[in-house]
Amino acid sequence: MRNSIFRRRGMLFLLLFGLAISFAFAQERTVTGKVTSEEGELPGVNIVIQGTITGAVTDVSGNYSIVVPGPDAVLVFSSIGFTTQSVVVGNQSTINLTMVTDITSLDEIVVTAYATQQKKDITGSVSTIKSEELSAMPQGNVTQQMQGRVAGVTVTQDSRPGQAAKVRIRGFGSFQENSPLYVVDGVPTTDINTINPADVESLTVLKDAGASSIYGSRASNGVIVVTTKKGKPGMSVNYNMYAGTQTPGAGPENLLNTKEFADLQWLVYANDGTVETHPVYGPSSGSPTFPSWAADTKWYEEVTRNAPIQNHDLSLSGGNETSKYYAGFGYFDQEGTVLTSWYKRFSARFNSEFKIKDRVTVGENLNITHRSDNGISANGSENTGLMMGVYRAQPIIPVIWNSGTFTDAMTAHVFENGDWAGTGVAQRLGNGENWVADAVNDQDDRWQDIRFLGNVFVDVKIIEGLNFKTSFGGSLNSWHQTNWTEKQYWNAENATTSTYGENSGYGSDWTWTNTLTYNNQFGDHNILAVAGYEAVKTGIGREVGAQKAGYFSRALTYRTVSNGATLQSGWSNYWTPRSLVSQFLRADYNFLKKYYVSATIRRDGSSVFGADTRYGTFPSVTAAWRISEESFLAGASFISDLKIRAGYGTMGNQLAVATANQFFLYGGAANTTYYDLNGTTNSSLQGFRPTRIGNPDAKWETAVNMNVGFDAVLLDRKFEIILDWYSKQNQDLLFNPELPGTAGNADNPFVNIGEMKNTGIDLQFIYRQIWSDFSFEANASFTTVKNEIIKIAEGYEFFDDGGSRIGGFNRNMVGHSMGEFFGYNVLGLFQDDAAVDAAAIQDGAAPGFFQYEDADGSGTIDPDDRVFMGKPIADFTYGLNLALGYKDFDLTAFFYGSQGNDIFNYNKWWTDFWPSFQGQKSTDLLNNSWTTSNTGASVPKASNTSNFSTNTVSNSYYIEDGSFLRLKNLTIGYTLPNSFLGNVFSSARIYVQGVNLLTMTKYSGLDPELASFNDGFMGVDEGNLPATKQFLFGINLGF
Amino acid sequence: MKKIKFLSVIAIIAGFVLMDACNESFLEITPNGSLDESVLGTSEGVDGLLIGAYSMVDGVCDGFGWQAATSGWVFGSIRGMVANKGTDAGDQPDINPIQTYSETSTNPYLNIKWRSIYEGISRCNNTIIMANITEEAGNITADEATSFIRQARALRGYYHLEAWRMWADKSSNTGIPYVDENTDQALLTNTEDVRDKIIADLTAGTLLPNDMVQVGRFNKTVSQVLLAKAEMQMFGDYAAALILLTDVEANGTNPAGQACSLAPQYGDIFDAEFRNSTESIYTVQYSVNDGSGGNNGGSAEVLNFPYKGGASPGGCCGFFSPTQDFVNSFRTSAGLPLLNGSYNASAEEIRRDQGIPAGGVWKDNNGDSEDKTDEYLVDNIVTMYDPAEPYLDRVYKSLTGTAPPDDPDAPNIGNNPLTSPANWELLWVEDNSLEIDPRLDWSAGRRGIPYWDWGDHTGADWIRDQTYAGPYSPKKQVYKQSQEGTLTEVGNWTSGYTANGYRLIRYSDAILLKAECEAMIPTGDLGLGEVNAIRTRAANAAGFVKEADGVTNAANYVIGTYPSFANQAAALKAIKFERKLELGQEGHRYYDLQRWGDVQSELTRILAYEKTMEWGDNLYGSASIGSEDSNFPVPQRQIDVSNGNLVQNR
């Protein structure tokens, strides 16, 4: 016994160093054979002696040879795409085998809530993505890999390095928080960006109540169950890498050069009748002149770059009957195409499982990740490289001052060659910043964290079919961030003192799950039942930060908060955690695998609710009928399998609710409640105010969910269709409606007041065909979402969301979908004074300016004339994955599209209107704008007038069709034949890949796929970074 | 074996039951990092709530910015046409309709101002509630409670008065809700006349002592002036106001108990260093570098600085330009203002440098600024000073160009407009020979006039976009160069966060209100003494803006006193005009016009003139002023969320 423990330890030790060992046993002899498939000899089949790590692989002719310890040995034959088979050796010395293709997904084992099931036995709406599909799309994280793979899941990419994509399952259930719940190896988490995609075995998306209500407490936005790789019998070592480059593309093509910009200024003078001496271009009476320092900067080229990306994964996997190990190591390194941005991730995963005495299994999953980045702002911030660096920088501004010594009389800075240039070198260059200067000066800023995520578990088989499992898991992370802001001389608006801040903190959460599982078969009756208890605590943590100004040196080594001269802020947060307890019971029953019924009930308690409303109960029931087993379909030979499913249930939600929601609280901070009663000028006295109005009566929000669908496998298993219709209605929606100003400015409580409904269809269609040398697979997914707000709050019908220089554009209103664009409908441009006189009374109306629709017919254009102009939610999104194999070559192409969504192109506010700050402008404004001789124009007159009829209100001028179809991925791979592999490798594949090669869209902005950090800003393009084209080279090696 | 299995099942079930028993305590989580009510039930706690209520007196806190400024630069000054928005057309576009009298009820400035005011009121009410609870619990004395409550009520009255000026329909005196500690939010209305309640709150404040020890509290004098303003503004009760103001004039002190009087020199009033001088009855106490990130440092006025870093203050953002009409108003004839409005006639206008390039800098090599022969030029536009004509500086443009000298310190002897006139074209004459009231150059920054200690205002390069907003800069809230870093916040995107607290109530404001009462009643000398006292102070030559030598007046300042007021109408005309001159740019103008019923007539006159400016079309377009423009619409958002309780006031 001691010996065997020693041996296990030794094996783990050796495995981790990637060494293969083998053991000699008595009675050993050699078994040989040939493995074939229906199409012929089958190379690359793994053969492992069950319970050991000894194995072999068939050669190019399907032949193998293996030393077995004795007649009791069991050989396990496995190969991707085929059903795994086991053969007892007995006294055979030759074992030939024909592998059976396993090309339907119905036989897959799917990890669902607290259990595993065969996919064909599932009655709810569930989709899975396997590791092979994920790895076909090399990406920094699994959220990005999910795009277009799963019907019912809408994924929006964020092009900043290392950023997770936004994932929405079946629409939007909340005004606040619509992110799904991720459950990694049984541990719920909201941050799956630390998971290395290479370590993921499968993703299971639980979409309806039948599937996910067992996670009832947090399931209403859908659940994604992430299962990481486990060790498998035998031993395998895999190394995968890809490396390549990302290109930012040509950038906006509608921006002016220096000459054109001056021409536009002169056009404005002409249109407005202005006479002045322009501080840059000279007297308006003549032609523009250009100062000696004038440049013709292409800011997009300056701000962006080709950026490398690389990824390396090494995995070690092995085990036997009683112990399994998996270790995965990853390194992901992506530079951003926007200057000085980057992201790095080191990850390590250690999963292991031990079986003790046939009855007890213990195991652990552990992920340790170190992330670091120098991040950049997202879409919707004026400080993105695109907004600040490109749309707001005039072309005349040089990046670097190169015109000799120049004393700026106004800034008092003496410019020397090599200094940064910017809006500060002359007047009227706007107030954008030299983004290149900012990025380079602040390039040492770094955010980093280390995060542990994992669990330990014990599974005890009490009697046959009855297991008790307890799992304790969670995460712990710790982060640190530095933020240097260099003092400036080159801008029109300079920060004249360098500042430096640091912040740091830790956070943790844990989950303890106990389940009792009963799985048995009585004749034709199959039962799977799970009872469980779960306790969760999240949001434990603190953070602290400080910022000072006034640094003697900018040296990196000198950057500490202590070294600053003046304290600007010092703060810390002590978070209020949230706890949850749940009891749940679930039972799946089927008769003859033909008639299925499944029921779930869950009772949850949450600390965010008061004692009287703390608990919620969430039942669901689903049923399925495998109609293809019925005799009346026996003759329908084209149907291989057909199952009809229906489900109804409820799911709970409390994610949006602030943890202190039930309490009335007071607090104070220097910037809200302090006042310098003593008149000292530099030391305000501490004051307080109510900070939160409590609502002890808030209760669980309930999502009522209906799902009807079918799974069909047709035509000799070549076709698969999975179709679901769903309806999800969020009732008692937890929302913190704005209170009247007279109630004060304390945080508003969440109350159960809103109601929202999502309906739609998820459709997945798979076609597979294999000829002798060819294989083909098409996998299409199609998702529709129809979102409708049914109720917001008692007494009011809408609220506006988002924000910009001219207010928010998104209105949430009863009877409409979330975040629809709201504003004045532009009928056209006024052509002359007569048209102005004839039209409804409109402030600022003048020839060349917008004429708005008098929607209410009142004769005056006022706020009542605003209408809904478009919607950010797509009618449908779709993905199409095509895979073609020919002998050792493989080709995959993946398309993703979105149809029927609109974009509010807020960038136009900056570039199409002269008075929207003095930044870069569009060629449309110069060449295609209204003048008395170009009256057919759609772009308003170039004028320094800013009013209701030009650029101060939201209107339909900015609305564009945001539909697109994009070739996300094109890969050509080649699997090296065994003859090349020698003794070292068991498999080897090389591939080249292009990402985002082609986009079809009518959208005039850089990229219709808009990242948005918050659903309140949906569909608004403000400096959105375009998706980068990537060209990658990759290798997959197996040892 | 069977038994073991059975027992383990029992144990697991028992475990589940036990865990359930722990649920209740596990689910009880009290918030971290906050206070609950019980902790505040002490003298310090109630005072902390009161400090929180005071901290809204500047209108801003995290979340409410310049839209809610107590200094009234948008709603009082820009709306009253003593200033325009300034900056460029697209910056803060929500101000554009406010200055063109076309704002709608959805304008965000209105909603933020509303929310800021009622947040202040809400804090007052919480203070009162907690003072009462704490007194009942025996944790503070009745005297302490009374002082807290009187201060909170005075503040509450002040906040409501601000709301009343903004939104009340002056014919029905309805439009704003009154909220006190007993208000049921569900029953709120804005269709009642709430003036008596405001008067009652301010009256409670007059029972406070004058010496509150700390200069940032409200005291008796502050409450008296506010009450007098309320009586005048809401009721036209000049007799009641006169009694209060007479007492203030004689006995008024600031909250620290120091007697108030007119500061000897007009310009000193606006120097950050003298923010709490005798002139100040109540100054909003701004503080900087106090850990608030600039929020307590006049963040509501942070936009209102000339637009250029380095040689001009602030660095951002060029807002709040004085109007040409306001500047012209300072023209004097025989030391008295041109009350008939003739100051806007072309012969009388103050000369503006609209469209003239900014002047370059002559660098003085020998330290004698009179001797121009040793100096060199670093730009091709230069302003030349001629000792023979001190008020006529000439702006020249070089015809030969001025390539940057190889040696920046080398003198450029021989090529200046005095020694080689053929190389220069005369562009413009800075004509400061017109007679003006010296207060102009403390109220507006204009080309060629020293701007605090920042050197001369050099014209177009201090202005963000002359073609949109004209050539003038604000001045009264601006700090001095010598104060940068000590009386300004450091390390921000602008150094315009200052400790130059807004003078909410100046002594001269109270004196002029008293004059107005005397004229309106009418009684006494119809305010002649008060007006002349103000003018006499302004005439103190030590307080004129001086050239760099500290001796020479920067312009031709001529100001005198009125010999008499012929009648009530003449008195009122002079008093109203004196308020414009004395208190211009300080946020009072629109409300003064409102009190006098002059909004439409006076502003229509000014608008017609301003439209003739080079920037008039861009700025005002087709703006016009109607009778409805004497107040602002109730924010639509507040009506929307009021569940039917609030109605539009117009």
Side-chain angles (χ1 to χ4, degrees), chain A residues 274 276-277 407 409-412 427 462-463 468 493-495 497 499 533 549 566 568-569 574 576 579 581 605 607 660 663 665-667 670-673 675-679 681-685 687-690 738 740-745 795-796 843-844 863 915-917 944-946 952, chain B residues 5 12 16 23 26-27 29 31-35 48-49 51-52 54-55 61-62 89-90 93 102 104 106 114-115 118-119 122-123 177 179 185 214-216 276 285 287 289-293 295-296 308-311 316 355 357 361 378-379 461 467 490-491 493 499 618 638 640-643:
Chain A
T274 304
E276 71 157 344
T277 299
T407 305
M410 298 157 288
T411 63
Q427 265 209 291
I462 299 168
I463 51 173
F468 170 72
E493 297 169 11
N494 289 310
T497 314
T499 60
Y533 172 91
T566 310
Q568 292 184 297
S569 65
Y574 182 16
T576 302
S579 57
V581 291
S607 65
F663 301 99
L665 297 176
Y666 292 83
N671 60 1
T672 52
T673 58
Y675 188 62
D676 187 13
L677 271 188
N678 291 319
T681 74
N682 57 18
S683 56
S684 47
L685 300 182
F688 304 111
R689 68 176 181 118
E738 181 183 342
T742 48
N745 199 39
Y796 69 95
D843 186 45
S916 300
F917 292 94
N944 198 18
T945 301
S946 173
T952 66
Chain B
K5 286 169 190 163
I12 289 162
F16 281 23
N23 283 353
F26 180 66
L27 292 176
I29 293 182
N32 295 327
S34 298
L35 299 170
L49 286 170
I51 290 170
Y54 276 117
S55 88
C61 73
D62 189 23
S102 57
T104 65
T106 56
W114 178 286
R115 290 176 53 89
Y118 282 98
E119 166 67 2
S122 161
R123 293 185 188 188
V179 185
Q185 290 283 339
Q214 290 167 306
V215 75
N276 288 320
Q285 300 300 321
S287 51
N289 305 316
D290 65 344
S292 70
N295 221 293
N296 294 336
K308 209 60 192 170
C316 201
V361 178
V378 294
D379 206 344
D461 58 345
T467 70
V490 299
W493 57 279
N618 283 339
Q638 295 305 319
D640 292 340
V641 300
S642 73
N643 206 1

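Worth saying up front: this structure is predicted, and the values here are computed from it rather than measured. Residue numbering restarts at 1 for every chain, and letters A, B, ... go by the order of the sequence lines.
A donor-acceptor pair is defined here as one N or O able to donate and one able to accept, closer than 3.5 Å; such a pair exists between the side chain of B:E119 and the backbone of A:N745. Remark: the backbone N or O of A:N682 is not paired with any side-chain donor or acceptor of B:S287 at under 3.5 angstrom. Between the A:Y675 side chain and the B:Q285 main chain, a donor and an acceptor come within less than 3.5 Å of each other. Formation of a donor-acceptor pair under 3.5 Å by the A:E493 side chain with backbone atoms of B:W493 is not found in this model. Looking at B:N296, its side chain never comes within 3.5 Å of a backbone N or O of A:D676 through a donor-acceptor pair. A donor-acceptor distance shorter than 3.5 angstrom exists from the side chain of A:Q568 to the backbone of B:G491, with no hydrogens or angles considered. Put simply, the side chain of A:T576 never gets that close to the backbone of B:I29: no donor and acceptor are under 3.5 Å apart.
At a 4.5 Å heavy-atom cutoff, the contact between B:V179 and chain A is made by side-chain atoms alone. Within the 4.5 angstrom heavy-atom criterion, only backbone atoms of A:S916 (N, CA, C, O) approach chain B. Both the backbone and the side chain of A:N678 come within less than 4.5 Å of a heavy atom in chain B. Residue contact with chain B, scored on non-hydrogen atoms closer than 4.5 Å, involves the backbone and the side chain of A:F917 alike. Within the 4.5 angstrom heavy-atom criterion, atoms from both the backbone and the side chain of B:N289 approach chain A. In this structure, the portions of A:S684 lying under 4.5 Å from any heavy atom of chain B include both its backbone and its side chain.
Heavy-atom pairs under 4.5 Å with chain B peak, among A:D843, A:T742, A:T945, at A:T742. The greatest number of non-hydrogen atom pairs below 4.5 Å with chain A, out of B:S122, B:C61, B:P93, B:P31, is found for B:P31. The candidate from A:T566, A:T277, A:T673 with the greatest count of non-hydrogen atom pairs under 4.5 Å with chain B is A:T673. Of the residues considered (A:T952, A:T499, A:T672), A:T672 shows the highest number of contacts with chain B, using heavy-atom pairs under 4.5 Å. Interface check for chain B: of the options A:G667, A:S569, A:P863, the most heavy-atom pairs under 4.5 Å are formed by A:P863. With respect to chain A, the highest number of heavy-atom pairs below 4.5 Å among B:P177, B:G33, B:G291 belongs to B:G291. Among B:G355, B:S55, B:G52, B:P357, the residue making the largest number of heavy-atom pairs under 4.5 Å with chain A is B:S55.
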Please assess A:V581 against B:L27 for the test side chain to side chain contact (heavy atoms under 4.5 Å, CB included), listing each intermediate value before the final yes or no. CA-CA 8 Å; A:V581 291; B:L27 292 176; 3.7 Å; yes
Would A:L677 and B:I51 count as a side chain to side chain contact (heavy atoms under 4.5 Å, CB included) here? Give the steps. CA-CA 8 Å; A:L677 271 188; B:I51 290 170; 3.8 Å; yes
Would you sort out whether B:N618 and A:T274 count as a side chain to side chain contact (heavy atoms under 4.5 Å, CB included), showing the intermediate values? CA-CA 9 Å; B:N618 283 339; A:T274 304; 4.3 Å; yes
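A:T681 meets the side chain to side chain contact (heavy atoms under 4.5 Å, CB included) test with B:R275, B:L487, B:A499; sequence neighbours excluded. In this structure, A:R689 has no side-chain hydrogen bond (donor to acceptor under 3.5 Å, both in side chains) partners at least two apart in sequence or on a different chain.
A:Q427 approaches B:D461 most closely through the heavy-atom pair OE1-CA, 3.0 Å. When all heavy atoms are compared, the tightest approach of B:D290 to A:A670 is O-CB, 4.3 Å. Across all their heavy atoms, A:P740 and B:S642 have their closest contact at CG-CA, 4.4 Å.
Note that OG of B:S292 and CG of A:N671 are 6.5 Å apart. Values are rounded to the nearest 0.5 Å. Taking CG of B:L35 as the start and OH of A:Y666 as the end, the distance is 10.0 Å to the nearest 0.5 Å.
In this structure, the side chains of A:L685 and B:Q214 come closer than 4.5 Å at one or more pairs of heavy atoms.
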